[in-house]
Amino acid sequence: MKIATWNVNSIKARKPRILDWFDEAKPDVCVLQEIKCVDEAFPTGDFEERGYNVFVYGQKTYNGVALLSKHPVEDVIKGLPNFEDDQARYIEGTIIPDDTDPIRVGGLYMPNGNPAPGPKWDYKLAFIEALIRHMEDRFSREEAFCVAGDYNIIPSADGVYDPKGWADDALFRPEVRAAFRRMKAIGFTSAVHALMQEPYYTFWDYQGGAWKKNHGLQIDHLLLSPEAADRLEEAGVDADVRDPETGNGDVKPSDHVPVWINIA
DNA sequence: ATGGTTGTACAACAA
């Protein structure tokens, strides 16, 4: 079963490229971030035509997440439990395939946190604490669980083209790197790190020719509970989707690319 | 030091 995450940076501006990727990659489950639309404006029909059950936690202009699944989905929640938030950044549901065991999948859009220090940084730190509490709660249930999404955390120097230049950025500060280690210390496995030895990026800024210079960041991750990690078979990053020259006419790419795993 | 891209929405903010 293929589970993917992709920060699409506006579903409306990206729709042709997104549908092209779905037709090629055929994920069983995909979480999307930064859809930047209200629930009613999401192109639900385009995904239903392709066999997906569609769950949207939308927001006007900013944020917004979605959970798409070819398999039945139960117990969908919108927003992190026990965390007051007026921004649509988390969705979660239990995937019930007919041929494999169920898995609960969370779709995450972590706050960016810049500038740090400041109120946006404080919001990111509070969101992290709520996420870690939730991951601890889910871990204790001893069920297959995957948190997939845009963590806005660069876990190590391998994940940034210029570590020194990014030292004070909210995506790379010691506090968020420590948070990523805390998630692993609970017992979660970072799926792509587990299977790929080489450094890799999942995001390239639109500015300064970052794609051509390979000035990327590694900020999109899939973290697995032990029950899910035991089933991990394959992981990948569809970096070619970022190339402005490939794909759909003059429709520009997202600054993030799809990241995916295959589990038994 | 400044500006450098893109999306939303139409000025300015977020990333």
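Here is the naming used below: chain letters follow the sequence lines, and residue numbers restart at 1 for every chain. No experiment lies behind these values; they were computed from the predicted model shown. Any value given below was found using the heavy atoms of this structure, including those in side chains, with hydrogens, waters and symmetry copies removed.
Closest contact between the side chain of A:Tyr62 and the listed nucleotides B:dT8, B:dA15, B:dA14 involves B:dA14. The nucleotide whose nearest atom lies closest to any side-chain atom of A:Lys252 is, among B:dA15, B:dC13, B:dT6, B:dT6. Closest to the side chain of A:Lys12, from the set B:dT8, B:dG7, B:dT5, is B:dT8. Looking at the side chain of A:Asn112, the nearest of the listed nucleotides B:dG7, B:dA9, B:dA15 is B:dA15.
A:Trp204 has its CH2 atom 16 Å from the P atom of B:dT6, to the nearest Å. A:Tyr206 has its OH atom 21 Å from the P atom of B:dC13, to the nearest Å. Atom CD1 in A:Ile153 sits about 15 Å away from atom P in B:dA15, given to the nearest Å. With rounding to whole Å, A:Glu34 atom CD is found 18 Å from B:dC13 atom P. Nucleotide B:dT6 holds its C1' atom 8 Å from the CG atom of A:Asp255, rounded to whole Å. B:dA15 atom P lies 9 Å from atom OH of A:Tyr123, rounded to whole Å. Following rounding to the nearest Å, A:Asn9 (CG) and B:dA9 (P) show an atom-to-atom distance of 13 Å. In this structure, NZ of A:Lys213 is placed 14 Å from P of B:dG4, rounded to the nearest angstrom.
For the pair A:Gly209 and A:Asn114, nearest-nucleotide mapping onto DNA chain B gives the more 5' position to A:Gly209. Nearer the 5' end of DNA chain B, as judged by each residue's closest nucleotide, is the contact made by A:Ala13, out of A:Asn63 and A:Ala13.
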| task | Would you check, one step at a time, whether the test salt bridge (charged side-chain N to carboxylate O under 4.0 Å, His left out) holds for A:Asp85 with A:Arg89? | result | CA-CA 9 Å; A:Asp85 197 353; A:Arg89 293 182 175 275; 5.0 Å; no
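In this structure, A:Lys212 does not pair ionically with A:Glu245, as no charged nitrogen and carboxylate oxygen lie closer than 4.0 Å. Between A:Arg104 and A:Glu143 no salt bridge is recorded (no basic side-chain N to carboxylate O distance below 4.0 Å).
Look at the P atom in both B:dT2 and B:dA11: the space between them is 26 Å, to the nearest Å. Nucleotides B:dA12 and B:dG3 have their P atoms positioned 16 Å apart, rounded to a whole Å. Distance noted for atom C1' between B:dA14 and B:dA9: 13 Å (whole Å).
The shortest distance between the side-chain N/O atoms of A:Lys36 and the OP1/OP2 oxygens of B:dA15 is not below 4.0 Å. Contact check, A:Arg14 against B:dT6: no side-chain N or O comes under 4.0 Å of OP1 or OP2.
Among the protein residues, A:Arg89 comes within range of the sugar-phosphate backbone only, with heavy atoms under 4.0 Å from sugar or phosphate atoms but none that close to a base. A:Phe203 comes within 4.0 angstrom of nothing in the nucleic acid, heavy atoms only.
Of all nucleotides present, only B:dA15 satisfies the Watson-Crick or G-U wobble test against B:dT5, with each distance under 3.5 Å.
Although no hydrogens or angles enter the test, the distance criterion places a donor-acceptor pair under 3.5 Å between the side chain of A:Arg17 and the main chain of A:Val251. Put simply, the side chain of A:His221 gets close to the backbone of A:Ile153: a donor and an acceptor are under 3.5 Å apart.
In this structure, CE on A:Met183 lies 14.0 Å from OG1 on A:Thr189, to the nearest 0.5 angstrom.
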